[in-house]
Amino acid sequence: MKKLFLIPLALCLAALTLLPAGCKAQKDEPLKVMSYNIRYGTADDGDFVWENRREAAAAMVQDQRPAVFGVQEALDFQLTYLEENCPGYKYVGVGREDGVHDGEHMAVFYDTERVELEDWGTYWLSETPDVPSFGWDAACKRTATWTLMHDKKTDRHFYFVNTHLDHVGREARRNGLALVVDRIAAMNPDGYPMVLCGDFNVTPDNPCLNDLRGMMQDARETAPVTDYQVTWHDWGKVKGTKPIDFIFYSGFSGCSEFARVTQPYLGCPYVSDHYPVTAILQY
């Protein structure tokens, strides 16, 4: 009788010993995120018009397979194309001109196998952020889209925010980013991990980033494997070390790798006039 009892007891003890390790491995699974200025689909870019690189763009997304990524300069038909040609991805976002379809969408895509969307919204970087509007000295209407995500693999929640600061107005960039910083502070009373990505149209040494650096970490600067090279390259014409595309984070234990996506896809040398940037974040 003792032998018959000891065998299942041993199996139970072994299972209990293995269970915490398995749970820990799941909880520690990293989260890959990406920022991608896709370039307006109506721009007259010669050989690099959207129709010539859209298949490469979809191939890049499927190859990189971020759990969540933000796009800038995306028009509605570009978003539809990516959603239809990147299986498993959905997106949220509105056009900046009318709050519906017209103009640039500050869209957030998410891999439905890895995460589920719980809430989202868009606001304008202006003195009247709840309605479509220009802010300060901006040349364009600018927006930020926020999302609250549930990570299915780790059973954790996190916020993901995507924005595009103005390319002309200095006050618009400074005040617009200050608005994003204030909203981030107000929207997260539970202290969930947070990601902010986008095309900021400033280089890393710009003082308008100081307040943001006080509350979030720059993935480019904290990752042990990183990349400081140019992100806006104007179809290969711009060289140097002046990136303007960023991924910031808080509430994660760190970033193991920050990288630009520079390789060609399907024979197309560039998926945009910006290199997408990726970060692998650790809980």
Side-chain angles (χ1 to χ4, degrees), residues 30-41 43-74 78-79 81-82 85-86 89 91 104 106-111 160 162-165 167 195-206 209 217-249 254-282:
L31 185 76
K32 185 174 184 178
V33 298
M34 181 171 75
S35 182
Y36 176 26
N37 184 317
I38 199 170
R39 178 65 172 166
Y40 288 112
D44 184 9
D45 288 321
D47 291 340
F48 300 111
V49 293
W50 172 244
E51 289 73 15
N52 291 351
R53 57 186 172 86
R54 63 185 182 179
E55 293 181 9
M60 182 275 294
V61 170
Q62 294 179 80
D63 176 53
Q64 294 296 317
R65 204 68 197 182
V68 189
F69 68 97
V71 293
Q72 304 90 41
E73 295 194 19
Q78 294 174 287
L79 299 172
Y81 182 87
L82 285 186
N85 290 275
C86 297
Y89 280 98
Y91 79 89
E104 175 191 35
M106 204 57 50
V108 174
F109 278 84
Y110 57 100
D111 180 354
F160 186 97
N162 177 36
T163 196
H164 189 182
L165 301 182
H167 65 299
V195 180
L196 168 64
C197 81
D199 173 0
F200 290 1
N201 273 311
V202 296
T203 54
D205 57 349
N206 194 289
L209 300 177
Q217 294 180 290
D218 185 342
R220 177 181 281 110
E221 295 186 354
T222 60
V225 178
T226 192
D227 189 323
Y228 284 91
Q229 301 303 304
V230 68
T231 54
W232 175 68
H233 55 80
D234 192 21
W235 312 117
K237 299 172 188 175
V238 178
K239 310 297 181 182
T241 57
K242 293 184 178 181
I244 61 173
D245 298 271
F246 294 84
I247 298 174
F248 280 80
Y249 67 93
C255 176
S256 60
E257 181 178 351
F258 179 90
R260 296 177 306 156
V261 181
T262 61
Q263 63 265 42
Y265 285 92
L266 302 180
C268 181
Y270 305 111
V271 294
S272 176
D273 62 340
H274 288 239
Y275 292 121
V277 292
T278 63
I280 299 176
L281 303 173
Q282 312 291 331

Note to self: Using side chain to side chain contact (heavy atoms under 4.5 Å, CB included), reason through Leu31 and Ile280 one step at a time and then give a plain yes or no.
What the structure shows: CA-CA 6 Å; Leu31 185 76; Ile280 299 176; over 6 Å; no

Notebook entry, point to check: Of the non-hydrogen atoms in Val49 and Asp45, which two are nearest, and what is the gap between them?
Noted result: CG1-N, 3.7 Å

Margin query: Run Phe258 and Val277 through side chain to side chain contact (heavy atoms under 4.5 Å, CB included) and show every step you take.
Written below: CA-CA 7 Å; Phe258 179 90; Val277 292; 3.7 Å; yes

Margin query: Within the 3.5 Å criterion, strictly below it, is a donor on Asp245 or Tyr275 matched to an acceptor on the partner's side chain?
Written below: no

Next item on the list: For Gln229 and Thr241, test the side chains for any donor-to-acceptor distance below 3.5 angstrom and give the result as yes or no.
Entry: no

Checklist line | CG on Asp199 to CE on Met106, rounded to 0.5 Å | finding: 8.5 Å

Note to self: I want to check something: taking the side chain as every heavy atom from C-beta on, are Trp50 and Tyr81 in contact at a cut-off of under 4.5 Å?
What the structure shows: yes

Notebook entry, point to check: Got a second to check how far Asp111's CG is from Arg65's CZ, nearest 0.5 Å?
Noted result: 4.0 Å

Next item on the list: Establish, from distance only, whether the side-chain atoms of His167 and Asn201 form a donor-acceptor pair under 3.5 Å.
Entry: no

Margin query: Checking the side chain of Asn162 only, and the main-chain atoms of Val71 only, is there a donor and an acceptor separated by less than 3.5 Å?
Written below: yes

Check: Which pair of non-hydrogen atoms, one from Trp232 and one from Ile244, has the smallest distance, and what is that distance?
Finding: CB-CD1, 3.8 Å

Next item on the list: For Phe69 and Phe109, run ring-ring contact (aromatic ring centres under 6.0 Å, His included): C-alpha distance rounded to whole Å, both residues' side-chain angles, the deciding distance at 0.1 Å, then the answer.
Entry: CA-CA 5 Å; Phe69 68 97; Phe109 278 84; 4.9 Å; yes

Checklist line | Atom pair CG (Asp218) and SG (Cys255), whose distance is rounded to the nearest 0.5 Å | finding: 9.0 Å

Check: Shortest non-hydrogen contact from Arg53 to Ser272?
Finding: NH1-CA, 3.9 Å

Next item on the list: To the nearest 0.5 angstrom, please state how far the OH atom of Tyr36 sits from the OG1 atom of Thr231.
Entry: 13.5 Å

Next item on the list: Sort out for me which residue in Val271, Leu82, Leu79 forms a side chain to side chain contact (heavy atoms under 4.5 Å, CB included) with Ile38.
Entry: Leu82

Margin query: Using ring centroids (six-membered ring only for Trp), state whether Tyr270 and His233 fall under 6.0 Å.
Written below: yes

Checklist line | Where Pro66 and Val61 come nearest, the two heavy atoms and their spacing | finding: CD-O, 3.8 Å

Check: Is there a donor-acceptor contact under 3.5 Å linking the side chains of Ser35 and Gln72?
Finding: yes

Item checked: Least distance between heavy atoms, Leu209 atom then Pro204 atom -> CD1-O, 3.7 Å

Note to self: Does Asp44 have more than 12 heavy atoms from other residues, nucleotides or ligands lying within 6.0 Å of its CG?
What the structure shows: no

Check: To the nearest 0.5 Å, what is the distance between CG (Leu266) and CG (Asn52)?
Finding: 12.5 Å

Next item on the list: Would you please test Asp227 and Arg220 for side chain to side chain contact (heavy atoms under 4.5 Å, CB included) and show each step?
Entry: CA-CA 7 Å; Asp227 189 323; Arg220 177 181 281 110; over 6 Å; no

Item checked: Shortest non-hydrogen contact between Arg39 and Asn37, atoms and distance -> N-OD1, 3.1 Å

Check: Going through the distances and angles, do Leu165 and Phe200 end up as a side chain to side chain contact (heavy atoms under 4.5 Å, CB included)?
Finding: CA-CA 5 Å; Leu165 301 182; Phe200 290 1; 3.8 Å; yes

Notebook entry, point to check: Can you list the steps and then say if Gln64 with Lys32 is a side chain to side chain donor-acceptor pair (under 3.5 Å)?
Noted result: CA-CA 9 Å; Gln64 294 296 317; Lys32 185 174 184 178; 3.0 Å; yes

